[in-house]
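A short write-up of the structure that comes next.
All figures in this text were calculated on a predicted structure; none of them were measured in a lab.
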Amino acid sequence: REDQKEGDVMNMRRFAGILSALLLIGLVQVPLLLGDEGVTRERDLTRIRKKVEALRAWQLTEELNLDEETSSRLFPAMNEADQERWEIEASNRKLMREMSRSLQGPNPDSKRINKILNELMENRRELARVEEKHIERVREILSPADTARYLLFQIKFQREIKKKAAEAYRGRRLPDS
């Protein structure tokens, strides 16, 4: 019986590893930046985000050995924070495009640029508030040790995703002529 349980755990881990690899392959094949100015497409980013969220949920369940009850409380909290972050980040992308356009002419409009900079700074503060609120919710759901594991997992996962995205981007570059 114990051997069967160990075998089941090994098969689940193997399956999780294969699924993770497949999702990351799918992730890195979707171009992040398109167009002459490198303007991001929100539709493409949404599709990528959904793949990343599925991968993260799977890996987090494995990493923290989450049971169904805990997962049913943690994942909605994560999704809510993700949605709030996503909206702020979408606003930041829009503001950065506006700022870039504002700098195109010979005499950039200082008032307009200052307004954009102030909005970007407010968005940073709002992201910090969202993150703090999210960590408070996670602490209500997980034990202190699992909360620490969760935070370390998030850092490691984000690093891995950024690395894969950078590799995909570098792979798409044309050689210099």
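- Here the NZ atom belonging to Lys111 is positioned 10.5 Å from the CG atom belonging to Asn114, to the nearest 0.5 angstrom.
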task = Would you check, one step at a time, whether the test side-chain contact (heavy atoms from CB on, under 4.5 Å) holds for Arg159 with Lys163?
result = CA-CA 6 Å; Arg159 193 176 298 139; Lys163 179 181 172 189; 5.8 Å; no
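- Under the 4.5 Å side-chain criterion, counting only non-hydrogen atoms from C-beta, Arg124 is not in contact with Asn92.
- The backbone N or O of Trp58 sits nowhere less than 3.5 Å from a side-chain atom of Glu62 that would complete a donor-acceptor pair.
- The CG atom of Leu74 sits 7.5 Å away from atom CG of Leu64, with the distance rounded to the nearest 0.5 Å.
- Applying the side-chain hydrogen bond (donor to acceptor under 3.5 Å, both in side chains) test to Asn65 and every residue at least two apart in sequence or in another chain returns nothing.
- Side chains of Glu53 and Met78 form no contact here, defined as non-hydrogen atoms less than 4.5 Å apart.
- Residue Lys164 holds its NZ atom at 10.5 Å from CG of Leu55, rounded to the nearest 0.5 Å.
- Leu60 has its side chain within reach of Phe75: a pair of non-hydrogen atoms, C-beta onward, lies under 4.5 Å apart.
- To the nearest 0.5 Å, the span separating CZ on Arg56 from CD1 on Ile161 amounts to 10.0 Å.
- Ion pairing between Arg73 and Glu69 holds under the 4.0 Å rule for side-chain N and carboxylate O.
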request  = Walk me through it: do Glu160 and Gln59 pass the test side-chain contact (heavy atoms from CB on, under 4.5 Å)?
outcome  = CA-CA 12 Å; Glu160 181 181 329; Gln59 287 183 352; 4.2 Å; yes
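- For Lys115, the salt bridge (charged side-chain N to carboxylate O under 4.0 Å, His left out) partners at least two apart in sequence or on another chain are Glu119.
- Of all the heavy atoms in Leu127 and Arg85, the pair that sits closest is CD2-CG, 3.7 Å.
- Atom CD1 of Ile88 is separated from atom CG of Asn123 by 6.0 Å, given to the nearest 0.5 angstrom.
- The backbone N or O of Leu66 sits nowhere less than 3.5 Å from a side-chain atom of Thr70 that would complete a donor-acceptor pair.
- Of the possible polar contacts, none joining the Ser100 side chain to the Met96 backbone as a donor-acceptor pair under 3.5 Å is found.
- In summary, the side chains of Ser102 and Asp109 do not present any donor paired with an acceptor at a separation below 3.5 Å, with no hydrogens or angles considered.
- When the side-chain contact (heavy atoms from CB on, under 4.5 Å) test is applied to Glu87, the partners found at least two apart in sequence or on another chain are Gln83.
- Considering only heavy atoms from C-beta on, Leu95 comes within 4.5 Å of Ser91 through its side chain.
- Between Glu122 and Arg125, at least one side-chain N (NZ, or NE/NH1/NH2) sits under 4.0 Å from a carboxylate O, which counts as a salt bridge.
- Applying the salt bridge (charged side-chain N to carboxylate O under 4.0 Å, His left out) test to Glu84 and every residue at least two apart in sequence or in another chain returns Lys133.
- Within 6.0 Å of atom CD in Glu68, 12 or fewer heavy atoms from other residues, nucleotides or ligands are found, so the atom counts as exposed in its surroundings.
- Look at Glu132 and Arg129 and you find no salt bridge, because none of the NZ, NE, NH1 or NH2 atoms lies under 4.0 Å from a carboxylate O.
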Which side-chain N or O atoms in residues 137-145 pair as donor and acceptor under 3.5 Å with protein atoms at least two apart or in another chain?
{"unit_1": "Arg137", "atom_1": "NH1", "unit_2": "Glu80", "atom_2": "OE1", "d": "2.9"}
{"unit_1": "Ser143", "atom_1": "OG", "unit_2": "Asp146", "atom_2": "N", "d": "3.1"}

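- A heavy-atom distance below 4.5 Å is not found between the side chains of Phe157 and Glu63.
- Within the structure, ring-ring contact (aromatic ring centres under 6.0 Å, His included) contacts touching residues 104-140 (residues at least two apart or in different chains) are His134-Tyr150.
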